[in-house]
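Numbered from 1 within each chain, the chains take letters A, B, ... in sequence-line order.
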4 protein chains.
Amino acid sequence: MAGSVNKAILIGHLGRDPESRNSQGGDLIVNLSLATSESWKDKATGERKERTEWHRVVIFNEALAKVARDYLRKGSKVYVEGALQTRKWTDQQGQERYTTEVVLQRFRGELTLLDGKTGDDTGRSAPRENSAPGAGPGGGASGRGYDLDDEIPF
Amino acid sequence: MAGSVNKAILIGHLGRDPESRNSQGGDLIVNLSLATSESWKDKATGERKERTEWHRVVIFNEALAKVARDYLRKGSKVYVEGALQTRKWTDQQGQERYTTEVVLQRFRGELTLLDGKTGDDTGRSAPRENSAPGAGPGGGASGRGYDLDDEIPF
Amino acid sequence: MAGSVNKAILIGHLGRDPESRNSQGGDLIVNLSLATSESWKDKATGERKERTEWHRVVIFNEALAKVARDYLRKGSKVYVEGALQTRKWTDQQGQERYTTEVVLQRFRGELTLLDGKTGDDTGRSAPRENSAPGAGPGGGASGRGYDLDDEIPF
Amino acid sequence: MAGSVNKAILIGHLGRDPESRNSQGGDLIVNLSLATSESWKDKATGERKERTEWHRVVIFNEALAKVARDYLRKGSKVYVEGALQTRKWTDQQGQERYTTEVVLQRFRGELTLLDGKTGDDTGRSAPRENSAPGAGPGGGASGRGYDLDDEIPF
DNA sequence: TTTT
DNA sequence: TTTT
């Protein structure tokens, strides 16, 4: 038995372009840096205040990783649903460190684009089309190796 | 503008009794250590595997902090809803560290007890009744300083 | 004890302008008609299909009702969080009917505007400024009777 | 593009045993009747009040439908996550009616048992073991046609 | 450190 | 590092 639920639901903007890499097994993994912010008026001073929270999002879900890589960029507004996971690592001083991430595992999680600001736009970020390693002149839609109609959930 | 959402939804068990303290302003703050777990069968080896994730929960919401202090204990099963917040601190070596917590701010968040295992039970943990600092022999319900009917959401 | 959770989370677009009314006690109540849609490719025919779901949202939460009345209009994209509630009513034939709504009760629920398409825009819908019943020529911001800085969460 | 989210999250108790049937295509479909309740103290009268809300849950997700059929019964406490869907039907007077349900589609939704009150217990409800239509003396675990270790997520 |  |  587990009877557990572990779910994070975020809506925010990407602070930079998605970062893609491949696992040792060759699977695509995409990292997002996502900002959420809340603002309020300080009761004491009357000042308007804002707090921005930064979230690390890691996408192992294959279909959603492709969407993120190809259609998101710096500034994109997204809905993300995943699980909280705290990862232990060792820093350069040999000290144990912990990092908490929102993880979209295989066949799990959700990712939905909430604005039209995608990697296909002419924008301040490089287009996502050629961002896949090894995508040469013969690239493009058919070079992706998958059918857009199947893969894009938005 | 914000247009942001920052929400964590957890169902799990407390790994130890809630820890209560007071802010400099005298407000009650309660910390929970909450475990969620998922299990699956390894495709390759056929082994049953389990991964437990530990979450730090911090309750600033006054009514919910009292509920947590008085009615939860080690082993309690709870539903928790809060916001993700990453806090920076400095360790003893003077190094910057980060800790991510699920925070229930004033008037925000939710906490619901999902089993009957509360601090009022005769259990392996000390009853919650006397856990408030300074609660002497004359303590008990009326010593709480609040009306149970008003405060307990479950 | 209850140990219950009843929560609906929706992101979609308004099918028409918000509808405002007042309760017998004078409280503002706002109704939204919200569409969510999902699309997929039919495995058999290869056709692209889409299903739109319409949700009735009822806002009793005072601050959020004002936001909805003043800042949303037909086409606005919103995040809504409320509770499911099924209401019984009697139709003109004297038959019992049931309607399920997503309800934001007093001090409960969430509403976040996800695009810039508000009632202040020059758009196809009438501006929200003067939509409050009885708002005359002397209306406007100060006529609202509340401080925008306090009330608007986005 | 859709950019939609349609999600209901419920924790409550079953009002009766799950009801199983098969689609024309032979797929298992399970219906649950789920109660959530909230209680509060009436400010005016001081009375304690409670409101129970009943939800119709329909499970098309194959693995979760089997879990529901075999492990849930009247009184079981469950976490359910699905999408809101309103279905039109015609009553015996030929009148159009609408019913809103929480639907767990194929490969979608979540279902988690939150207590130990399952169909395997000796309880007031008939055990789920033999509830599948046509399950004869040769039934039981192996007769289920699936591996418990694979199917049961809790 | 929980739970099954 | 985002967004308003």
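When rounded to the nearest whole Å, the span between CZ of A/R56 and P of F/dT2 equals 17 Å. Taking atom CZ of residue A/R48 and atom P of nucleotide F/dT4, one finds them 16 Å apart after rounding to whole Å. Rounded to an integer number of Å, the gap from A/E38 CD to F/dT4 C1' is 15 Å. Here E/dT1 presents its P atom at 12 Å from OH of A/Y98, a figure rounded to the nearest Å. In this structure, the CZ atom of A/R73 is 12 Å from the C1' atom of F/dT2, given to the nearest Å. Distance B/R16 CZ to E/dT2 C1': 11 Å, rounded to the nearest Å. Here F/dT3 presents its P atom at 20 Å from CZ of A/R51, a figure rounded to the nearest Å. The interatomic distance linking A/H13 (NE2) with F/dT1 (P) rounds to 17 Å, in whole Å.
Scanning all heavy atoms of the two residues, the minimum distance from B/D115 to B/G75 falls at OD2-O, 3.9 Å.
Listed nucleotides E/dT3, F/dT3, F/dT1 differ in distance to A/S37; the shortest reach to its side chain belongs to F/dT3. Among the nucleotides F/dT3, F/dT1, E/dT3, the one closest to the side chain of A/K74 is F/dT1. The B/S33 side chain lies nearest to E/dT1 when the options are F/dT1, E/dT1, E/dT2.
Remark: the backbone N or O of D/T36 is not paired with any side-chain donor or acceptor of C/S4 at under 3.5 angstrom.
Looking at B/S39, its side chain has no donor and acceptor atom pair within 3.5 Å of the base of E/dT4.
For A/T45, the side chain to side chain donor-acceptor pair (under 3.5 Å) partners two or more places apart in sequence, or in a different chain, are A/D42, A/E47. Under the side chain to side chain donor-acceptor pair (under 3.5 Å) criterion, B/R51 pairs with B/E53, sequence neighbours left out.
Note on B/T52: a base of the nucleic acid sits closer than 4.0 angstrom, heavy atoms only.
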